[in-house]
Amino acid sequence: MLSRWLNDATIQLATSMDDWQQALAYCARPLLDQGVITPGYLEAIQQQYRQLGPYFVLAPGLAMPHARPEQGALATGLALLKLEQGVTFGGVEQEPVDLIILLAAADRHSHIGALAALAELFSSETDLAALHAATRREEIMAIIARY
């Protein structure tokens with residue numbers, strides 16, 4: 001199921017980023033290029049961050065930035081950025097973050113399947129550890145293919 005959204009076109013790897021905003025922009029590029037989100041979607045994530053803090057840092061090393069559908073999500077999509085050197089999002093104990101999965105949902109319901117598959121992946125300590133250790137796109141895709 002996740003391979004529908006996380007694939008060769010939406011999985012990226014990088015050594016490092018200057019900050020979380022740069023990592024967010026880099027992660028979002030495939031969804032912007034595909035017309036899944038607008039630049040306003042990234043602005044909404046940053047605005048929510050200013051109001052709520054790093055609400056999207058879910059677990060050690062893992063962030064899932066997202067905003068509301070009406071804030072610039074034109075379709076449902078996911079993008080993944082794996083960093084060799086993680087970035088910080090504001091001092092939460094789960095940092096540094098080396099795995100960023102950007103979620104876009106066109107409405108309140110279309111992303112439920114993707115969220116369920118992600119929740120299953122996140123609950124597997126083995127596969128989550130393998131994602132954090134991955135250094136090649138093929139390794140990430142092999143893990144994603146199981147969900």
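Residue numbers start at 1 and run along the sequence shown.
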- Item | Enclosure of Arg68 CZ (heavy-atom neighbours >12, cutoff 6.0 Å) | no
- Message: If you define the side chain from C-beta out and look only at heavy atoms, does anything of Ile140 sit under 4.5 Å from Arg136?
- Response: no
- Can you check whether Leu62 reaches Leu131 side chain to side chain, under 4.5 Å on heavy atoms? no
- Note on the structure: Heavy-atom nearest pair, Ala73 first then Ile37, reads CA-CG2, 4.3 Å
- Message: Measuring from atom CG of Leu80 to atom CD1 of Ile101, what distance do you get when rounded to the nearest 0.5 angstrom?
- Response: 4.5 Å
- Task: For residues Arg146 and Asp127, determine if any side-chain heavy atom of one lies less than 4.5 Å from a side-chain heavy atom of the other.
- Result: yes
- Query: Counting only heavy atoms not in Arg50, do more than 12 sit closer than 6.0 Å to its CZ atom?
  - Reply: yes
- So, for Pro69 and Arg108, which heavy atoms are closest and what is the spacing to 0.1 Å? CG-N, 4.4 Å
- Message: Is the shortest side-chain heavy-atom distance between Arg137 and Asp8 below 4.5 Å?
- Response: yes
- Task: Rounded to the nearest 0.5 Å, what's the gap from CD1 on Ile11 to CD on Glu138? Could you check?
- Result: 9.5 Å
- Task: Verify the neighbour count for atom CD of Glu125: are there more than 12 heavy atoms of other residues, nucleotides or ligands below 6.0 Å?
- Result: no
- For Ala117 and Tyr147, the nearest pair of non-hydrogen atoms, with its separation, is O-CD2, 4.0 Å
- Query: Which one of Tyr49, Tyr41, Tyr55 satisfies the ring-ring contact (aromatic ring centres under 6.0 Å, His included) criterion with His66?
  - Reply: Tyr55
- Task: Can you label the angle between the Phe56 ring and the Trp20 ring as parallel, tilted or perpendicular, going by 30° and 60°?
- Result: tilted
- Task: Kindly compute the distance separating CG (Leu115) from CD (Glu120), expressed to the nearest 0.5 Å.
- Result: 13.0 Å
- Task: State, to 0.1 Å, how close Pro30 and Gln12 come at their nearest heavy-atom pair, and which atoms those are.
- Result: CD-NE2, 3.3 Å
- Student check: side-chain heavy atoms of Ile100 and Pro65 closer than 4.5 Å: yes
- Task: Indicate if Val36 and Trp5 have the same hydrophobic cluster label, given that clusters are the connected sets of ILVMFWY residues with side-chain heavy-atom separations under 4.5 angstrom.
- Result: no
- Item | Same apolar cluster: Leu78 and Tyr26, side chain cutoff 4.5 Å | no
- Message: Test of understanding: clusters of I, L, V, M, F, W, Y form through side-chain heavy atoms closer than 4.5 Å, transitively. Do Ile45 and Met17 belong to the same one?
- Response: yes
- Message: Would you say that Met64 contacts Val57 through its side chain, given a criterion of any heavy-atom pair below 4.5 Å between the two side chains?
- Response: no
- Message: Do Leu81 and Leu24 land in one hydrophobic cluster if side-chain heavy atoms of ILVMFWY residues count as linked below 4.5 Å?
- Response: yes
- Task: If a pair satisfies ring-ring contact (aromatic ring centres under 6.0 Å, His included) and one of its residues is in residues 117-144, list it, with sequence neighbours excluded.
- Result: none
- Message: To check you understand the geometry: which heavy-atom pair defines the closest contact between Thr76 and Ala105, and what is its length?
- Response: OG1-CA, 3.9 Å
- Which distance, rounded to the nearest 0.5 Å, do you find between the CG of Leu102 and the CZ of Arg29? 13.0 Å
- Group every Ile, Leu, Val, Met, Phe, Trp and Tyr by side-chain heavy-atom contacts under 4.5 Å, then state whether Ile143 and Val97 land in the same group. no
- Quick one: does Leu118's side chain get under 4.5 Å of Leu2's, heavy atoms only? yes
- Task: Rounded to the nearest 0.5 Å, what's the gap from CG on Leu83 to CG on Leu13? Could you check?
- Result: 8.5 Å
- Item | Ala145 versus Ser3, closest heavy-atom pair with distance | CA-OG, 3.5 Å
